[in-house]
Student: 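Here it is, the structure in full.
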Amino acid sequence: MEKGRILVLDDDPVVNLSCRRILGAEGYHISTVERGEDALRKMEKESFDLLISDIRLPDISGMTVLKETRVIHPEVDVVIITGYPTVEDAKESIRLGAFEYIEKPFTPDFMLNVAKKLFDKRGWILRKDFIDQFRNYIVSLRDTDNPVIYYKEGTWARPVKEGLWEVGCDMRYWLLSGQLLFIDFPEGLNTIVAGEPFARVLSSTGETHELISPMTGVIKEINSQANTVMTSLVPEHLGEGWLLWLVRVVEAK
């Protein structure tokens with residue numbers, strides 16, 4: 001049974017083939033093109049639910065494709081993928097109406113999660129007691145009105161209101177291994193800098209992974225319940241699209 005129709009726009013045949021294999025195996029109907037103009041022409045003739053587009057294309061920019069798609073086919077969701085991520089491009093793509101902005105390369109599970117968020121209308125509600133207890137410390141991808149911008153090593157950022165952002169980690173990225181985890185913040189943390197670590201993930205096996213900040217800003221609040229939420233999650237929550245915010249910051253101008 002076909003789950004949805006997806007058009008993949010990328011001039012890298014490997015990316016197109018990967019999306020076809022990953023998403024096609026799950027029942028999605030996949031079409032691929034390598035040029036922006038070809039994608040726009042194809043959408044004029046056929047109906048699609050989702051467009052996955054690279055930014056750098058051999059003819060027109062993926063941003064141009066995004067902009068025209070949102071005007072001509074506002075019902076089509078757009079996901080931007082890029083091998084050269086910048087916060088500026090991420091902001092612009094979200095401003096133009098992209099559903100998500102994703103760095104390449106991405107894992108099969110990650111791409112499937114993106115598709116499921118768009119097509120699966122079930123399974124996005126946690127137990128009521130969990131929501132009541134932790135609603136201020138987690139971010140629902142299904143309910144949020146503010147798009148999430150993904151960065152490196154499972155970190156992300158999203159605008160909360162003018163000038164104020166949340167920066168956090170994608171719990172799915174770390175918890176799929178089944179290890180117990182702990183978030184460690186440096187003492188006296190009051191600013192974050194784009195491209196530099198701002199916290200660490202400590203695993204039960206003794207491994208340490210630095211979380212890299214996607215932006216620069218002054219910290220207004222640190223998530224005091226981050227580790228409580230982390231240890232309270234159960235495996236089925238991972239697929240429900242819940243993210244953990246770690247700091248709230250005022251964006252540096």
Student: Restricting to side chain to side chain donor-acceptor pair (under 3.5 Å), what partner residues turn up for K220, sequence neighbours left out?
Tutor: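 Result, side chain to side chain donor-acceptor pair (under 3.5 Å) vs K220: none returned.
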Student: Please answer: with hydrophobic residues joined when any side-chain heavy atoms are less than 4.5 Å apart, are I81 and L17 in the same cluster?
Tutor: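 They do not share one cluster, since no chain of ILVMFWY contacts under 4.5 Å joins I81 to L17.
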Student: Going by the rule side-chain contact (heavy atoms from CB on, under 4.5 Å), which residues pair with A157 if we only count those two or more places apart in sequence or in a different chain?
Tutor: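 So A157 forms a side-chain contact (heavy atoms from CB on, under 4.5 Å) with W165, V167, P214, M215.
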Student: Would a hydrophobic clustering, with Ile, Leu, Val, Met, Phe, Trp and Tyr connected at side-chain separations under 4.5 Å, put L164 with V218?
Tutor: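 No, no single cluster joins them.
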Student: Can you name the residues that form a salt bridge (Lys or Arg N to Asp or Glu O under 4.0 Å) with E166, not counting sequence neighbours?
Tutor: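 Partners of E166 under the salt bridge (Lys or Arg N to Asp or Glu O under 4.0 Å) test: R158, R248.
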Student: Between D59 (side chain only) and E37 (backbone N and O only), is there a donor and an acceptor less than 3.5 Å apart?
Tutor: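 Yes; judged by distance alone, with no hydrogens or angles, the pair exists.
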Student: So which atom in D10 and which in V15 form the shortest heavy-atom distance, rounded to 0.1 Å?
Tutor: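 Looking at all heavy atoms of both residues, the closest pair is OD2-CG1, 3.5 Å.
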Student: Which residues pass the side-chain contact (heavy atoms from CB on, under 4.5 Å) test with P108, not counting sequence neighbours?
Tutor: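 Listed in chain order: I22.
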Student: Side chains of F198 and I219, heavy atoms from C-beta outward: is any pair under 4.5 Å?
Tutor: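 F198 does not reach I219 side chain to side chain.
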Student: Quick check: do R200 and P186 have side-chain heavy atoms less than 4.5 Å from each other?
Tutor: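 No - every pair of side-chain heavy atoms lies 4.5 Å or more apart.
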Student: Same cluster for V193 and V247 if Ile/Leu/Val/Met/Phe/Trp/Tyr side chains link at under 4.5 Å?
Tutor: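 Per the 4.5 Å side-chain linkage, V193 and V247 are not co-clustered.
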Student: Supply the atom-to-atom distance K42 NZ to S31 OG, rounded to the nearest 0.5 angstrom.
Tutor: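 Output value for this atom pair is 4.5 Å.
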Student: Are L189 and L211 connected, step by step, through hydrophobic side chains (Ile, Leu, Val, Met, Phe, Trp, Tyr) whose heavy atoms are closer than 4.5 Å?
Tutor: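 In one cluster with L189: L211, yes.
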Student: Between atom CD1 of I6 and atom CG of D49, what is the distance when rounded to the nearest 0.5 Å?
Tutor: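 If I round to the nearest 0.5 Å, the distance is 8.0 Å.
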Student: Could you give me the CA-CA distance, side-chain angles and deciding distance for V139 and W156, then say whether side-chain contact (heavy atoms from CB on, under 4.5 Å) is met?
Tutor: CA-CA 11 Å; V139 176; W156 55 267; 3.9 Å; yes
Student: Taking the side chain as C-beta and beyond, is there a heavy-atom pair between F185 and L246 under 4.5 Å?
Tutor: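 The answer is yes, as the side chains (C-beta and beyond) meet within the 4.5 Å cut-off.
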Student: Just verifying a value: how many Å separate C169 SG and H209 NE2, rounded to the nearest 0.5 Å?
Tutor: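 The SG atom of C169 sits 12.0 Å away from the NE2 atom of H209.
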Student: Quick one: list whatever passes salt bridge (Lys or Arg N to Asp or Glu O under 4.0 Å) with R20, sequence neighbours left out.
Tutor: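 Per chain and number, R20 pairs via salt bridge (Lys or Arg N to Asp or Glu O under 4.0 Å) with no residue.
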Student: Test I55 against D89 for side-chain contact (heavy atoms from CB on, under 4.5 Å), laying out the working first.
Tutor: CA-CA 9 Å; I55 290 181; D89 278 349; 3.9 Å; yes
Student: Test of understanding: with side-chain contact (heavy atoms from CB on, under 4.5 Å), list the residues that count as partners of S47, not counting sequence neighbours.
Tutor: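 S47 satisfies side-chain contact (heavy atoms from CB on, under 4.5 Å) with no residue once adjacent residues are dropped.
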Student: Mind checking whether L96 and V78 have side chains closer than 4.5 Å, heavy atoms only?
Tutor: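 Heavy-atom side-chain distance check fails, nothing below 4.5 Å.
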Student: Which residues pass the side chain to side chain donor-acceptor pair (under 3.5 Å) test with R21, sequence neighbours left out?
Tutor: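 Testing R21 for side chain to side chain donor-acceptor pair (under 3.5 Å), a comparison that skips the adjacent residues, returns none.
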Student: Side chains of L9 and L57: closer than 4.5 Å at any heavy-atom pair?
Tutor: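 Sidechains of L57 and L9: in contact.
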Student: Can you tell me how far apart CG (D12) and CG (D54) are? Round to the nearest 0.5 Å.
Tutor: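 Here the interatomic distance stands at 8.0 Å.
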Student: Find the distance between CG (L40) and NZ (K45) and round it off to the nearest 0.5 Å.
Tutor: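 Spacing of CG (L40) from NZ (K45) equals 12.5 Å.
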Student: Which donor-acceptor pairs under 3.5 Å do side chains of residues 63-75 form with protein atoms, sequence neighbours excluded?
Tutor:
residue	atom	partner	partner atom	Å
T69	OG1	V65	O	2.7
R70	NH1	P74	O	2.8
R70	NH1	V76	O	2.7
R70	NH2	P74	O	3.4
H73	NE2	M43	O	3.4

Student: Could you pull out all residues at least two apart from R56 that satisfy salt bridge (Lys or Arg N to Asp or Glu O under 4.0 Å)?
Tutor: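 With sequence neighbours excluded, R56 shows a salt bridge (Lys or Arg N to Asp or Glu O under 4.0 Å) to no residue whatsoever.
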Student: Check S93 against I80 and note the closest heavy-atom contact, atom names and distance.
Tutor: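 Heavy atoms only, the tightest pair is CB-CG1, 4.0 Å.
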Student: Salt bridge (Lys or Arg N to Asp or Glu O under 4.0 Å) with E196: which residues, sequence neighbours excluded?
Tutor: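 E196 satisfies salt bridge (Lys or Arg N to Asp or Glu O under 4.0 Å) with no residue once adjacent residues are dropped.
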Student: Got a second to check how far I102's CD1 is from M111's CE, nearest 0.5 Å?
Tutor: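 Between atom CD1 of I102 and atom CE of M111 there are 4.5 Å.
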Student: Check for me, please, whether I52 and L112 land in the same ILVMFWY cluster - side-chain distances under 4.5 Å, paths through other members count.
Tutor: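 Linked, I52 and L112 end up in one cluster.
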Student: Would you please name every residue forming a side chain to side chain donor-acceptor pair (under 3.5 Å) with W245, sequence neighbours left out?
Tutor: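 W245 satisfies side chain to side chain donor-acceptor pair (under 3.5 Å) with no residue once adjacent residues are dropped.
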Student: Taking only residues two or more places apart in sequence, or in another chain, which ones meet D38 in a side chain to side chain donor-acceptor pair (under 3.5 Å)?
Tutor: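 Side chain to side chain donor-acceptor pair (under 3.5 Å) check on D38 returns R41.
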Student: What are the two closest non-hydrogen atoms of A115 and L23, and how far apart are they?
Tutor: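 That would be CB-CD2, 3.8 Å.
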Student: What pair of heavy atoms forms the shortest contact from L244 to A226, and how long is it?
Tutor: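 Shortest heavy-atom contact: CD2-O, 3.8 Å.
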Student: Just wondering, do I183 and V201 contact through their side chains at under 4.5 Å, heavy atoms?
Tutor: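 Heavy-atom side-chain distance check passes, below 4.5 Å.
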Student: Please check this pair: side chain of T32 against backbone of V8, looking for a donor-acceptor N/O pair closer than 3.5 Å.
Tutor: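 No; zero donor-acceptor contacts below 3.5 Å.
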